[in-house]
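Atoms considered below: every heavy atom in the structure, side chains included; atoms not considered: hydrogens, waters and symmetry mates.
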Amino acid sequence: MSTSVQIRDAGIAADAVDGFNSPAKQKAASRSAYGNRPLLSLRRVKHFLGAAKFKLFLALFALSAVVLITARLSSWMGWNLHNPSSVTSRARYTVLINTWRQKSLLKQTVAHYASCRSADAMHVVWTESEQPSERLKTYLNKVAVSKSQKAHKPNFRFDISADYESNSRFRPIKDLKTDAIFSVDDNVIVPCSTLDFAFSVWQSAPSTMVGFVPRMHWLDKEQNNVAYYRYGGWWSVWWMGTYSMVLSKAAFFHRKYLDLYTQEMSPSIQGYVSRERTCEDIAMSLLLANATGAPPIWVKGKIYEIGASGISSLRGHSPRRNRCLNDLISLYKTSPLVLTNVKAVSARNEWLW
């Protein structure tokens with residue numbers, strides 16, 4: 001007599017004993033299934049992308065999470081990481097625009113700097129023999145008011161020179177309300193956010209010059225105890241990694257240097273600049289270096305030159321700059337310029353590096 005034996009799966013038997021079909025068991029199983037979905041999704045993504053691309057995907061995901069958390073944290077802590085001017089809302093600067101026969105560029109420049117929130121006033125240094133027309137004055141004043149993004153509208157006016165020469169660029173200005181002067185050529189545009197950062201750098205070192213256009217010098221040779229220096233442009237700075245000047249075509253400095261330049265600087269230097277007409281920026285760099293014994297500060301930032309190429313592109317510019325540098329140093333009887341390789345960089349733009 002044969003006996004049939006029924007074999008049951010041990011797992012099923014155990015589940016039957018524990019009551020597999022109970023509501024509590026079903027709910028727990030449901031939670032387990034949903035809980036494994038993110039892991040299953042990641043496995044599917046890894047299978048689809050491959051190991052290398054999957055690691056890159058995870059890195060980008062982690063980076064996005066960090067950025068999101070940082071943004072949320074800044075709002076929770078009351079930080080404002082996107083508006084540099086909010087940190088220095090009570091401090092402002094005066095924009096000093098140097099212009100020469102470029103009315104169309106002047107209109108663009110005034111419109112741009114009027115829109116920068118920290119600009120308290122705008123002064124146009126006019127050194128042409130022909131006076132600015134009332135129409136131009138009225139137009140630029142309206143532009144300065146209309147382009148301003150703040151309740152405080154920048155004070156706008158022309159500073160007209162009677163002698164029409166290069167030293168007029170650094171004449172003292174009456175009724176200034178700011179210590180900071182931003183000196184700029186009429187064909188140079190610095191984005192407002194970049195200008196705000198440079199202003200904050202200047203506030204940390206208000207005795208020096210802080211700007212965007214670095215230049216350098218070096219001792220080329222010395223004969224009969226007379227030193228001869230070379231003036232180095234942008235490519236020299238890039239190649240050597242050092243600089244000793246920042247040009248006043250886009251730079252901050254303290255207003256006291258306007259008084260020092262006009263009232264204390266040697267008349268022989270002023271006379272030389274008046275004759276040469278292209279050396280006032282080198283003279284101002286030498287003045288600050290002589291007064292402080294310190295180098296300027298170069299700020300990393302993109303600036304834009306509008307209109308036709310400037311004087312630096314003209315033939316014979318480099319020899320003239322060499323001559324200016326050496327003649328002015330000889331009037332000082334020494335070189336006060338200090339070489340440096342320090343560059344101010346916004347951490348907000350460089351935090352990954």
Student: Taking all heavy atoms of K174 and all of R157, pick out the closest pair and write down the distance.
Tutor: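 Smallest interatomic distance, heavy atoms only, reads O-NH2, 3.1 Å.
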Student: With distance as the sole test, does D259 use its side chain to make a donor-acceptor pair with the main-chain N or O of P172 at under 3.5 Å?
Tutor: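 No, the answer is negative, given that no donor and acceptor are paired below the 3.5 Å cut-off.
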Student: Side chains of T278 and C324: closer than 4.5 Å at any heavy-atom pair?
Tutor: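 The answer is yes; the side chains approach within 4.5 Å.
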Student: Can you tell me how far the CZ atom of R117 sits from the CG atom of L195, to the nearest 0.5 Å?
Tutor: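 Reported value, rounded in 0.5 Å steps: 14.0 Å.
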Student: With clusters defined by side-chain heavy atoms of hydrophobic residues (ILVMFWY) lying less than 4.5 Å apart, directly or transitively, does L337 cluster with V226?
Tutor: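 Different hydrophobic clusters.
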Student: What is the minimum heavy-atom distance between A283 and L328, and which atoms define it?
Tutor: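 Closest approach of A283 to L328, heavy atoms only: N-CD1, 3.9 Å.
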Student: Say you draw a straight line from CZ of R171 to CD1 of I160; how long is it, rounded to the nearest 0.5 Å?
Tutor: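 These two atoms lie 13.5 Å from each other.
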Student: If you measure from CZ on F199 to OG1 on T194, what distance do you get to the nearest 0.5 Å?
Tutor: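 OG1 of T194 is found 15.0 Å from CZ of F199.
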Student: Please find the pair of heavy atoms, one from V237 and one from P214, that lie closest to each other, and give the distance.
Tutor: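 That closest heavy-atom pairing would be CG2-O, 3.7 Å.
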Student: Hey, quick one: are L287 and L339 part of the same hydrophobic cluster, counting side-chain heavy atoms closer than 4.5 Å, chains of contacts allowed?
Tutor: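 No: no chain of side-chain contacts under 4.5 Å links L287 to L339.
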Student: If you take the centroid of each ring, where Trp contributes its six-membered ring, are W238 and W298 closer together than 6.0 Å?
Tutor: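 No, too far apart.
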Student: Do V273 and F170 have side-chain heavy atoms sitting under 4.5 Å apart?
Tutor: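 Not touching, per the 4.5 Å side-chain cut-off.
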Student: Locate the shortest heavy-atom distance separating Q203 from A91; write the atom from each residue and the value.
Tutor: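 Closest pair (atom of Q203, atom of A91, distance): NE2-CB, 3.2 Å.
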Student: Working to the nearest 0.5 angstrom, can you tell me the gap between D186 CG and L106 CG?
Tutor: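 Here the interatomic distance stands at 6.0 Å.
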Student: Applying the side chain to side chain donor-acceptor pair (under 3.5 Å) criterion to R169, which one of D159, D185, T127, D281 satisfies it?
Tutor: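 Among the candidates, only D185 passes.
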Student: Has the side chain of S148 got a donor or acceptor atom that lies under 3.5 Å from a matching backbone atom of V145?
Tutor: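 No: the side chain of S148 does not pair with the backbone of V145.
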Student: Do V210 and V338 belong to the same hydrophobic cluster, where Ile, Leu, Val, Met, Phe, Trp and Tyr are linked whenever their side-chain heavy atoms lie under 4.5 Å apart, directly or via other members?
Tutor: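 No, it is not one cluster - the side chains of V210 and V338 are not joined through contacts under 4.5 Å.
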Student: Does NZ in K142 sit with more than 12 non-hydrogen atoms of other residues, nucleotides or ligands closer than 6.0 Å?
Tutor: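 It does not: K142 NZ has 12 such atoms or fewer within range.
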Student: Within a radius of less than 6.0 Å around CH2 of W218, do more than 12 heavy atoms belonging to other residues, nucleotides or ligands occur?
Tutor: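 Above 12, so yes.
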Student: Would you call S207 and K256 a side-chain contact if the rule is heavy atoms closer than 4.5 Å?
Tutor: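 Side-chain contact under 4.5 Å: yes.
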Student: Is it true that T292 and T208 share a donor-acceptor pair across their side chains at a distance under 3.5 Å?
Tutor: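 Not at all, the side chains of T208 and T292 share no donor-acceptor pair under 3.5 Å.
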Student: I'd like to know if the side chain of T138 reaches the main chain of R135, judged simply by a donor and an acceptor atom lying under 3.5 Å from each other, with no hydrogens or angles considered.
Tutor: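 Not at all, since once roles are kept as given, no pair shorter than 3.5 Å links the two residues.
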Student: With hydrophobic residues grouped by side-chain heavy-atom distances under 4.5 Å, do M216 and Y228 end up in a single group?
Tutor: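 No; tracing contacts between hydrophobic side chains, which count when under 4.5 Å, never links both residues.
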Student: Do you know which two heavy atoms are closest between R92 and S118, and how far apart they sit?
Tutor: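 Smallest interatomic distance, heavy atoms only, reads CB-O, 3.1 Å.
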Student: Roughly how far apart are S133 OG and K103 NZ, rounded to 0.5 Å?
Tutor: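 So the gap between those two atoms works out to 7.0 Å.
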Student: Do the side chains of V95 and T109 get nearer than 4.5 Å, heavy atoms only?
Tutor: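 Answer no - side chains too far apart.
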Student: Taking C-beta and beyond as the side chain, do I297 and W202 meet within less than 4.5 Å on heavy atoms?
Tutor: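 When only atoms from C-beta onward are counted, W202 and I297 do not touch, as no gap falls below 4.5 Å.
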Student: Is the backbone N or O of G271 less than 3.5 Å from a side-chain atom of S274, with the two atoms forming a donor-acceptor pair by type?
Tutor: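 Absent.
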Student: Treating S146 as the side-chain partner and V143 as the backbone partner, does any N or O pair qualify as donor plus acceptor under 3.5 Å?
Tutor: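 Checking the backbone N and O of V143 against the side chain of S146, a donor-acceptor pair under 3.5 Å is found.
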Student: List the steps, then state whether side-chain contact (heavy atoms from CB on, under 4.5 Å) holds for V184 with H112.
Tutor: CA-CA 12 Å; V184 65; H112 169 71; over 6 Å; no
Student: Checking N141 side chain against K137 main chain: does a donor-acceptor pair fall under 3.5 Å?
Tutor: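 No; judged by distance alone, with no hydrogens or angles, the pair does not exist.
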Student: For H123 and T94: C-alpha separation, side-chain torsions, deciding distance, then whether side-chain contact (heavy atoms from CB on, under 4.5 Å) applies.
Tutor: CA-CA 8 Å; H123 291 251; T94 296; 3.6 Å; yes
Student: Tell me whether Y229 is reachable from W234 by hopping between hydrophobic residues (I, L, V, M, F, W, Y) whose side-chain heavy atoms are closer than 4.5 Å.
Tutor: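 Yes; tracing contacts between hydrophobic side chains, which count when under 4.5 Å, links both residues.
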Student: Walk me through it: do Y113 and F182 pass the test side-chain contact (heavy atoms from CB on, under 4.5 Å)?
Tutor: CA-CA 10 Å; Y113 290 110; F182 179 63; 3.9 Å; yes
Student: Would R321 and R215 count as a side-chain contact (heavy atoms from CB on, under 4.5 Å) here? Give the steps.
Tutor: CA-CA 11 Å; R321 299 296 274 181; R215 296 292 184 263; 5.8 Å; no
Student: Would you say that V213 contacts V246 through its side chain, given a criterion of any heavy-atom pair below 4.5 Å between the two side chains?
Tutor: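 In short, these two side chains do not touch, never coming nearer than 4.5 Å.
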Student: With a 4.5 Å limit on heavy-atom distance, are the side chains of L331 and D327 in contact?
Tutor: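 A side-chain contact is absent here, since even the closest heavy-atom pair is not under 4.5 Å.
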Student: Would you check if N155 and D120 make a side-chain contact, meaning some heavy-atom pair closer than 4.5 Å?
Tutor: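 They are not in side-chain contact.
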Student: Say whether Y332 and N290, considering side chains only, have a donor N or O and an acceptor N or O under 3.5 Å apart.
Tutor: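 Looking only at side-chain atoms, N290 and Y332 do not form any donor-acceptor pair under 3.5 Å.
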Student: With a 3.5 Å cut-off and no angle check, do the side chains of Y231 and N326 form a donor-acceptor pair?
Tutor: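 Short answer, no.
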Student: State, to 0.1 Å, how close A291 and L260 come at their nearest heavy-atom pair, and which atoms those are.
Tutor: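 In terms of heavy atoms, the two residues are closest at CB-CD2, 4.2 Å.
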Student: So, taking the atom named CD in Q102 and the one named NZ in K107, what distance separates them when rounded to the nearest 0.5 Å?
Tutor: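 Here the rounded value is 13.0 Å.
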Student: Just by distance, do the side chain of Q270 and the backbone of Y261 share a donor-acceptor pair under 3.5 Å?
Tutor: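 Indeed, once roles are kept as given, a pair shorter than 3.5 Å links the two residues.
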